[in-house]
A.B. asks: 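Take this structure first; my questions come after.
Position 1 is the first residue of the sequence, and the numbers go up from there.
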Amino acid sequence: MAILKHVKSKNANYSSVLDYLLYQHDEKNSKPILDEYGHKLLREEFYMDGINCSPLSFDKECRRTNTKFRKNQKKSDIKNHHYIISFDPEDVKENNLTGEKAQQLCLEYARKNFPGYQTLVVTHTDGDNHSGNIHTHIVINSVRKYSVERQPYMDKPHEEMAGYKHRSTKRFLNHLKKEVMEMCQREGLHQIDLLAPAKEKTREKEYRAKTRGQKKLEQVNQKIREAGMKPTASTFQTQKDFIRNAVFEIAKTARTFDEFQAILFERYNISVTRERGRYRYHHPDRDRRITDKSLGTHYGKAYLEEKFLQNQFSQASEKEVQKPASANNDYRKDPLAIFHYRSSLRLVVNLQENVKAMQSEAYARKVKISNLQQMAETLIYVQEHGYGHREEVTAALEHSRKDLEISIAQSKECSSQMKTLNSQIHYTGQYYASKNTYRDYLKTKNKKKFRQTHESKIQQYLEARDWLKECYPDGKMLSLKSLQQTKESLKTETNSLKEKIQQERASVRELETVLHNIDAILNREAVFTHQQLEKSQEHPDNHYTKKQKEETL
């Protein structure tokens, strides 16, 4: 699958970019590979093109553009953005991908997504330390050279104009990932969903640390073997890998967060806390905690707490199966005893469609017991809420869905208002902070010298003034104090809407489950086999009929 990587550079020496793309480098230490005479070696196969510049004079032309627009003059300024598209190695064998074809695809990609920028597009076919995967480097100067038409993915004022700097926002990166996926799907190349969060996330820094650690471990193991002993470990583990493996093992059996927390600390000396909806892990050899976000979705609150519930359910089912026959016979003596069993409301499982139940008789028995419990729970729910007919449950579900849609629409409107309000506060503050500088600029006689000294302040004023003119057509600006007050009230409204949406979503899910279970109860084929249905019709004293259940509901 093709993946996209982004690197920002503050290095003012643009020649170093050309040097890396043209000559062979050791990826482990980023040093150039030299021949026997100490000369740099050209890469064996590469393809190079320039957009809005000559590729071999990319460095000089970028510096001229920076000078023209008086940008990238500070050491802290981002000078260039480096995007890397790496293709799946299997595409070479299965889909006839070549370096030349990858170059043409990425050249078209760069023209579409980086218009007006001086862009260097270089494709390598050697991969990371000659691993063989084809990848393309797209390097752009951070200052736009030519003005272009405004595109839908541009979210900053005047971003399309010449002289303005490139901003690699989260929204823009998502747009680029979507474009990569569409390109690969169009060309029939291997591709995964780049926008979906990774189950296990490994960043570049961790990957490099793992590679270095594995190399050192192999060197140590070699010395141990030479001494006639056997190494205790053959695979190097990073601190994050240690946490991942520990969480994976304990999550198989843990039923609650407290149990998970206790076992994790007891066995692996890893502490875990819940803070602001996230799990934070503390490795024994680390000072700072590691968030679940940096580990992957399978190590976060949502996934693990769902896993805890599954463990509770499966262990409860196993206990029911292991009970002696006399305990199960209580339901025959007192059929209503099952209605006193309380559990979380779940979907009734269709045995005819469940492959695992067809293959395992023991699992089928577990499902049958679970289905009986969920049927009882559904009947209790219907009685507690006073539903007399199926249509009443359907009407309640539709009403809950409409309420949820209204709340979501209100939440989106509040988010839109908050975004506009934040921009108003930002540009209002920027306007007042740079207003006096611009006034002095208008009064001074030597405007050229004054502008060179206060370029950033003047630019901030002009940017804020233009934005506020569009925001306030009548020219009546709101004060920062009133905007802050509006923001606080909007925050309160947004938080209350979030809580309301959570409650309404839970209500919708609950009603959907109830409706599904009612249909399963009224239509026996949805839960039991045809043979069991025939037996129930032959022995009406032992089973509720469909008509009796409809009357009960």
A.B. asks: Do Asn422 and Lys487 meet the criterion of a side-chain donor-acceptor pair at a distance under 3.5 Å?
C.D. replies: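 Lys487 and Asn422 do have a side-chain donor-acceptor pair below 3.5 Å.
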A.B. asks: Does the separation of the ring centres of His166 and Phe172 fall below 6.0 angstrom?
C.D. replies: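 Yes: the rings meet the under 6.0 Å criterion.
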A.B. asks: Do Ser16 and Asn11 meet the criterion of a side-chain donor-acceptor pair at a distance under 3.5 Å?
C.D. replies: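 There is such a pair (donor and acceptor under 3.5 Å, judged by atom type) between the side chains of Ser16 and Asn11.
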A.B. asks: Honestly, is Lys71 close enough over Tyr164, meaning NZ or CZ under 6.0 Å from the six-membered ring centre and within 45° of the axis?
C.D. replies: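 Lys71 over Tyr164 ring: yes.
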A.B. asks: Donor-acceptor pair, Arg167 side chain versus Met154 backbone, under 3.5 Å?
C.D. replies: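 No, Arg167 side chain to Met154 backbone: no donor-acceptor pair under 3.5 Å.
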A.B. asks: Between Asn113 and Tyr153, do the side chains contain an N or O donor and an N or O acceptor separated by less than 3.5 Å?
C.D. replies: no
A.B. asks: Between Gln185 and Gln191, is there a donor-acceptor pair closer than 3.5 Å when you use the side chain of the first and the backbone of the second?
C.D. replies: no
A.B. asks: Does Lys40 have any salt bridge (charged side-chain N to carboxylate O under 4.0 Å, His left out) partners at least two apart in sequence or in another chain, and if so, which?
C.D. replies: Asp19
A.B. asks: Should His82 and Ile84 be marked as a side-chain contact (heavy atoms from CB on, under 4.5 Å) after you check the CA-CA gap, both sets of side-chain angles, and the distance that decides it?
C.D. replies: CA-CA 7 Å; His82 192 159; Ile84 305 170; 3.7 Å; yes
A.B. asks: Glu259 side chain to Ala254 main-chain N or O, any donor-acceptor pair under 3.5 Å?
C.D. replies: no
A.B. asks: Scan side-chain atoms only and decide if Asp49 and Gln103 contain a donor-acceptor pair under the 3.5 Å cut-off.
C.D. replies: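 Yes, a side-chain donor-acceptor pair sits under 3.5 Å.
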A.B. asks: Strictly distance-based, threshold 3.5 Å: is any side-chain N or O of Ser142 a donor or acceptor partner for the main-chain N or O of Ile78?
C.D. replies: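 Yes, because the side chain of Ser142 sits within donor-acceptor range (under 3.5 Å) of the backbone of Ile78.
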A.B. asks: Ignoring hydrogens and angles, state whether a donor on the side chain of Thr98 or Glu100 is under 3.5 Å from an acceptor on the partner side chain.
C.D. replies: no
A.B. asks: Please give me the minimum heavy-atom distance between Gln261 and Val272, naming the atom from each residue.
C.D. replies: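 Closest pair (atom of Gln261, atom of Val272, distance): NE2-O, 2.7 Å.
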A.B. asks: Starting from the C-alpha separation in whole Å, work towards a yes-or-no answer on side-chain contact (heavy atoms from CB on, under 4.5 Å) for Arg505 and Ile501.
C.D. replies: CA-CA 6 Å; Arg505 277 182 176 155; Ile501 287 171; 3.8 Å; yes
A.B. asks: Does Tyr83 have its ring centroid less than 6.0 Å away from the ring centroid of Phe114?
C.D. replies: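 So the answer is yes for these two rings.
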A.B. asks: Any idea which heavy atoms bring Glu61 and Ser57 closest together, and the distance?
C.D. replies: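 The pair with the smallest heavy-atom distance is OE2-OG, 2.8 Å.
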A.B. asks: Judged by modelled atom types alone, do Arg289 and Ser271 share a side-chain donor-acceptor pair under 3.5 Å?
C.D. replies: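 Yes, a side-chain donor-acceptor pair sits under 3.5 Å.
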A.B. asks: Between Glu249 and Lys252, is there a side-chain N and carboxylate O pair less than 4.0 Å apart?
C.D. replies: yes
